[in-house]
Amino acid sequence: MAKVIKIKQGLDIKLKGKAECAVRVVNAEHYAIQPIDFHYVLPKLLVQEGEMVKAGTPLFHDKHDERIKFVSPVSGTVETIRRGEKRRLEAIVIRSDGKKDAIDFDVDRPLDKENIKQVLLGSGLWPTIRQRPYSCIANPDDMPKAFFISGFDTSPLAPDMDFIASHFPDSLQKGLDVLSVLTDGKVHLSLHAEKTKSEPLLKAKNVSLHWFSGPHPAGNIGTQINKIAPINKGETVWFCALQDVINIGRLFLSGRPDFTRLYALAGTGFVNPHYVRTELGASIREMTDGQCCNPNYRLISGNVLTGIKSEADGFIGFYHNMLTAIPEGNHREEMLGWMWPGFKKFSFSRTFPSAFVPNDLQPAFELDTNMHGEKRPFVVTGAFEKVFPFDIYPMQLIKACIVGDIDLMENLGIYEVDEEDFALCEFIDTSKNDIQAIIRQGLDLVRKEND
Amino acid sequence: MTQQHHKSNYRQKPNDSFIAPKKRHEGRLKDHISSLRRYVDNIKPNFVEGGRFAWLQSTFEAFESFLFVPDTTTKRGCQIRDAVDLKRAMITVVIALAPAMLFGMWNIGFQTSLHATDWPYELGTVASWWYCLWFGFLRMLPMLAVSYIVGLGIEFTFAQIRHHEVNEGFLVTGFLIPMIVPVTTPLWQLALATAFAVIIGKEAFGGTGMNFLNPALVARAFLFFAYPTRMSGDNVWIAADLWGTDAITSATPLAELAAGIQPSASALDMFIGTIPGSSCETSVIAILLGAIILLLTGIASWRIMFSVIVGGGLMGLLFNAIGANAYMQLPFYYHYLMGGFMFGAVFMATDPVTAAQTNTGKWIYGLLIGIFAVMLRVINPAYPEGMMLSILLMNCFAPLIDHCVVARNIKMRQKRALVKQKTTVL
C-alpha cells in the first residue's frame with residue numbers, strides 16, 4: 001500500500017441506526033427529478049403532464065446550456081409537474097409503467113472524448129459529473145485538471161461503499177474506464193486505508209489510488225482534492241459519486257440508461273435499517289412503504305449533516321445516496337438545560353460528561369433535530385480548526401463570505417471548498433450559525449463576479 | 001422483479017420497515033409540562049409584536065430561554081446540532097471562576113481579621129474560618145449585585161433597542177469585574193466602571209463577539225485611571241469593617257517591590273493566596289483549579305495560557321540575567337505568584353473574542369502578554385501591576401497578529417498557484 005494520507009482534524013458522529021447489509025428491491029410507482037437539486041441551473045421544461053416518457057427521455061434542460069439535459073429515470077407517464085412560489089419548477093413526477101423501456105444510445109463507437117461527452121449529455125447522465133469550484137454541474141467545454149472519485153463515505157450513518165461496489169463490479173470498472181478518457185490528468189480514486197475491503201475498489205484499473213484514514217470528513221471529495229491536488233484559481237477539477245460512476249459504466253456496457261442504485265435507509269426511525277435497490281429519484285413514501293408519515297420523526301434525503309428535510313410525499317434527491325429518519329427535536333420539557341450535566345448529550349466540545357467516556361466505550365447516540373441553543377455572534381475561536389482538515393482558515397473564510405469580500409474569499413481559498421466541507425463546523429458551532437448557507441452565498445457571489 | 005423474489009435478502013417484512021411512533025417525547029410532553037411552562041406560555045402573547053409589553057420582547061425571550069431549552073429545530077444545513085451553546089460555554093467559565101471566588105471571599109475576611117482592631121471573632125477555630133468566609137461573602141454580594149444589575153441592565157436595553165437577543169457574554173464579565181478590583185472600591189465607582197466597560201468597551205462596537213477589548217479589564221482600567229488613589233498604593237486592599245469603604249494599610253507584594261523593598265509575604269503564602277490584593281485574584285491554587293476546569297472542558301485555549309506563562313518566565317529570567325536592581329534579581333517564578341499574573345493568564349488573556357483567533361496567533365499573543373506584563377512591572381514602577389495593561393495592549397494588537405498569520409496562508413496559496421502556472425507554461 002502506498003502512502004496513507006492521515007486526516008487528523010474531524011469528527012465521527014456515532015449515531016444509532018446504521019443500515020444493515022441487506023437489500024430490499026423496491027419498484028416504486030413514482031419518481032421525480034427536482035430542479036432544486038442543481039445549483040445554477042435554469043430549467044426549461046420539455047414535457048407536459050400526461051406525456052409518455054422512457055428512461056432517458058429529457059424532461060427539461062438548462063437554459064444556460066441546452067446540451068445539459070435532465071432525463072426521466074424510468075419509463076412511464078409524466079403525472080404532475082409541481083410548481084412552487086412564482087411558478088418555480090419544483091419537481092417533475094413520473095408514474096412508472098414498470099416496463100423499463102429506455103432510449104438506446106450508440107456506445108459501440110470508439111470511446112474518445114467527444115463521443116463519451118455526447119453519450120453522457122444525451123442520456124442525462126452528464127449532471128452526475130460535477131466540478132469544483134462551486135460544486136455545480138461540470139461545463140462540457142472545460143478541460144478538467146483531474147477527476148476525483150471518493151470510494152468511501154465517512155458521514156454519519158453513511159452507506160457502505162464497499163457493499164455497494166461489490167454489487168456492481170463490472171459497471172464500476174467500465175465507468176472508471178470511461179471517465180479516465182474525459183481528463184488529460186489522472187482519475188484519482190480515494191479509498192479508506194483500513195476499511196475498504198471490496199475487490200472491485202481495491203483492484204480498480206485506469207485510476208490512481210489514494211489511501212486515506214481518519215475521521216469524517218476524510219471521505220468528502222473536498223478533503224481528498226485538497227490533500228491530493230489542491231485547486232488554484234483558474235483551475236477546474238471534476239468529480240462524481242461512486243454510484244454515478246456505476247450508472248455511467250452500465251450505460252456504456254448496455255447502451256441504455258439505467259438509474260438503478262442502492263440507497264441506505266438509516267436512523268432510528270426505521271425498525272430495521274437496510275438498503276433499498278431502486279431507481280434514482282424514487283418516491284420516499286414508496287421507498288419506506290408508506291409508513292413515513294410519523295410526525296415525531298424527520299425524514300432527510302441525504303445524510304444528517306448535509307441532507308435536506310423531506311416531506312413524506314417527497315422524493316430522494318439527485319445527489320443523495322441515503323434516506324435518514326431521526327427524531328424531531330421540538331420537545332420543550334427541558335428546564336434550565338444549560339445547567340444540568342447532560343449525561344446523554346453529545347457534544348464535540350468537552351462541556352458535557354459524555355466527552356470523557358473513552359471512544360471505544362462510547363455508545364451510539366440518538367440525536368434529534370433540536371438546535372440546542374439560539375443563534376449568537378461568533379464567540380468561540382479555535383474550534384472549527386479541529387474539524388476542518390484544509391490548510392484554510394475556516395473562521396476567516398466564513399467571515400469573508402458574510403461581508404462579501406470577493407478578493408479576500410479568493411485569497412483564503414474559496415475555490416477549494418463548498419458547503420459540504422463546512423458541515424461539521426456548522427454542527428459544532430456554539431453560536432448556531434447557518435455556516436453552510438453562508439459558504440454557498442459566498443460561492444454564488446464569487447461565481448457571479450467571475451462570469 | 002417483485003418484492004417476493006428478494007424477500008430472502010430482506011430480514012423484515014417490508015411493511016414493518018418504519019417504526020411505530022415513539023412515545024418518548026410525546027409522553028413526557030403531556031405529563032411533565034410544568035405549571036411554570038404553562039404560565040410562560042400564557043403570558044407570552046403580551047411580549048410578542050402587537051402585545052402590551054412588546055417593547056420587552058428581548059427581555060422576555062432572554063428569560064424564557066434561560067428557563068427552558070428552546071424547542072426550535074434545524075431548518076436547513078445540518079439537521080442535527082451539537083449540544084453546546086453559548087449559555088453552556090459561559091456557565092462553564094463561571095464554574096471555573098468559582099474556586100477563586102470562594103477563596104477570595106474567605107481571604108477578604110481573613111485579611112480583615114489579621115489587621116482589624118475590632119475583629120469580633122476569635123481566631124483559630126472552625127467558627128472563625130466560617131466567619132471569614134461569611135464576612136467576605138457579605139462584602140462581595142453587593143459588588144456582584146451592582147455589577148450584574150448595572151451591566152445586565154445596559155445589555156438588556158441595548159438588545160431591546162437593536163431588537164436582538166440578549167447575549168450571555170455578560171454572565172462572565174459581571175462575575176469577573178468584582179473579582180479583579182479591590183474589595184474597598186465604593187459601589188458607585190464600581191457601577192460607573194461597569195457602565196463604562198459595557199457601553200464603551202462592548203456595545204459601542206456591536207456587543208458580545210464584536211468588542212476588541214476585554215470588558216472586565218476595561219472596567220478595571222477605568223477605575224485605575226479615574227480613581228488612582230483608590231486602586232493602587234498601600235491602603236486600598238483590606239476592608240476595615242463590614243460596611244465601610246475604609247481600608248487598612250497593608251501593602252501588596254507588588255507595591256512593596258515597586259517601592260524598592262522585598263515582598264514581606266513568603267512564596268508559599270503568595271501561592272496559597274493569603275496575602276492582600278484585589279478581591280479574588282490572590283490564590284494561585286484556586287486559579288489553577290479553575291484552569292484545570294477550563295482546560296479539561298476545552299473552553300479556554302491552552303496555547304494562550306501556556307504561552308503567557310512561558311513569556312512571563314522568559315522575561316523574568318532575562319531580568320535575572322541582567323540583575324541591575326533588586327526587582328530584577330527577584331526569582332522569575334515570583335512573577336507568577338504576585339498580583340494578577342495567573343488570574344490574567346487563565347481567565348483574562350483567554351477570552352476568545354479579544355484574543356488572537358488563529359492558533360499561531362495565539363502563541364504570539366500569549367508570549368507577548370507574558371513578556372510585557374513582567375517588563376511593565378519591573379521597569380515601570382508607576383504601574384505596579386503590568387498584567388492588566390499588558391493584556392489590554394495585546395487585545396489591541398491581536399487583530400494585527402491574526403492579519404499577519406492569515407497573510408502567510410494567503411501567500412502560500414498564491415505561491416502555489418504561481419508555481420503551477422510556471423510549470424504549465426514550460
Side-chain angles (χ1 to χ4, degrees), chain A residues 22-25 232-233 269-272 288-289 291-292 294 296 300 304-305 307 328-338 342 345-352 367 369-374 376-382 385 393 395-396 411 413 423 426-428 430-432 434 436-437, chain B residues 1 3 6 9-12 14-19 21-22 25-26 28-29 32-34 37 65 67-74 76-89 91-92 165 167 208-210 296-299 301 352-353 357-359 406 409-410 413 416-417 420:
Chain A
V23 178
R24 175 171 59 109
V25 174
N232 298 304
K233 190 185 176 181
F270 300 101
V271 168
N272 197 10
T288 58
D289 266 323
Q291 295 177 38
C292 50
N294 187 336
N296 290 338
I300 300 157
V304 288
L305 290 178
E328 278 287 2
N330 51 356
H331 44 85
R332 302 203 292 175
E333 79 276 28
E334 200 182 358
M335 207 173 150
L336 300 176
W338 47 272
K345 294 203 168 165
F346 177 79
S347 174
F348 178 68
S349 76
R350 295 192 298 266
T351 52
F352 290 87
L367 299 188
T369 63
N370 195 288
M371 286 291 283
H372 297 295
E374 294 168 302
R376 293 285 181 265
F378 290 112
V379 167
V380 175
T381 64
E385 282 84 350
Y393 285 103
M395 180 68 97
Q396 280 71 13
N411 284 334
E426 182 172 291
F427 172 72
I428 67 159
T430 313
S431 301
K432 314 287 175 192
D434 292 325
Q436 296 192 70
Chain B
M1 270 189 290
Q3 288 170 14
H6 281 264
N9 274 339
Y10 177 59
R11 298 185 179 187
Q12 190 98 14
N15 277 343
D16 293 336
S17 67
F18 209 86
I19 204 166
K22 262 204 172 178
H25 300 314
E26 213 181 34
R28 261 201 221 166
L29 206 70
H32 298 290
I33 284 187
S34 61
R37 175 74 255 178
S65 72
L67 281 174
F68 294 100
V69 174
D71 61 346
T72 42
T73 54
T74 52
R76 53 180 183 176
C78 282
Q79 309 283 333
I80 53 174
R81 291 290 191 130
D82 196 291
V84 73
D85 67 347
L86 210 52
K87 282 190 178 64
R88 187 77 183 187
I91 205 72
T92 310
E165 320 85 2
N167 285 316
T208 302
M210 318 288 178
L296 271 182
T297 53
I299 288 293
S301 161
V353 175
Q357 306 202 345
T358 55
N359 284 341
V406 173
N409 178 272
I410 291 173
R413 188 163 291 106
R416 193 176 72 197
K420 196 82 196 178

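Every chain is numbered from 1 and lettered A, B, ... according to where its sequence line falls, protein lines coming before strand lines.
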B/Gln79 side chain to A/Gly307 backbone, donor-acceptor under 3.5 Å: yes
Region of A/Phe346 that comes under 4.5 Å of a non-hydrogen atom in chain B: backbone
B/Arg88/B/Asp82 ion pair, N-O < 4.0 Å: no
A/Leu367 and A/Val304, any side-chain heavy atoms less than 4.5 Å apart: no
Chain A contact via B/Ile299 - which portion, at a heavy-atom distance below 4.5 Å: side chain
Chain B contact via A/Leu305 - side chain, backbone, both or neither, heavy atoms under 4.5 Å: both
Which of B/Gly298, B/Pro352, B/Ser301 touches chain A most, by non-hydrogen pairs under 4.5 Å: B/Pro352
Side chain, backbone, both or neither of A/Phe378 within contact of chain B (heavy atoms, under 4.5 Å): backbone
Separation between CG of A/Asn370 and OG1 of B/Thr74, rounded to the nearest 0.5 Å: 8.5 Å
B/Asn167 portion near chain A, given a 4.5 angstrom heavy-atom threshold: both
Backbone N/O of A/Glu328 and side chain of A/Thr369: donor-acceptor pair under 3.5 Å: no
A/Glu385 portion near chain B, given a 4.5 angstrom heavy-atom threshold: side chain
CA sep, side-chain torsions, deciding dist, call: A/Lys432, B/Asp85, salt bridge (charged side-chain N to carboxylate O under 4.0 Å, His left out): CA-CA 7 Å; A/Lys432 314 287 175 192; B/Asp85 67 347; over 6 Å; no
Region of B/Thr92 that comes under 4.5 Å of a non-hydrogen atom in chain A: side chain
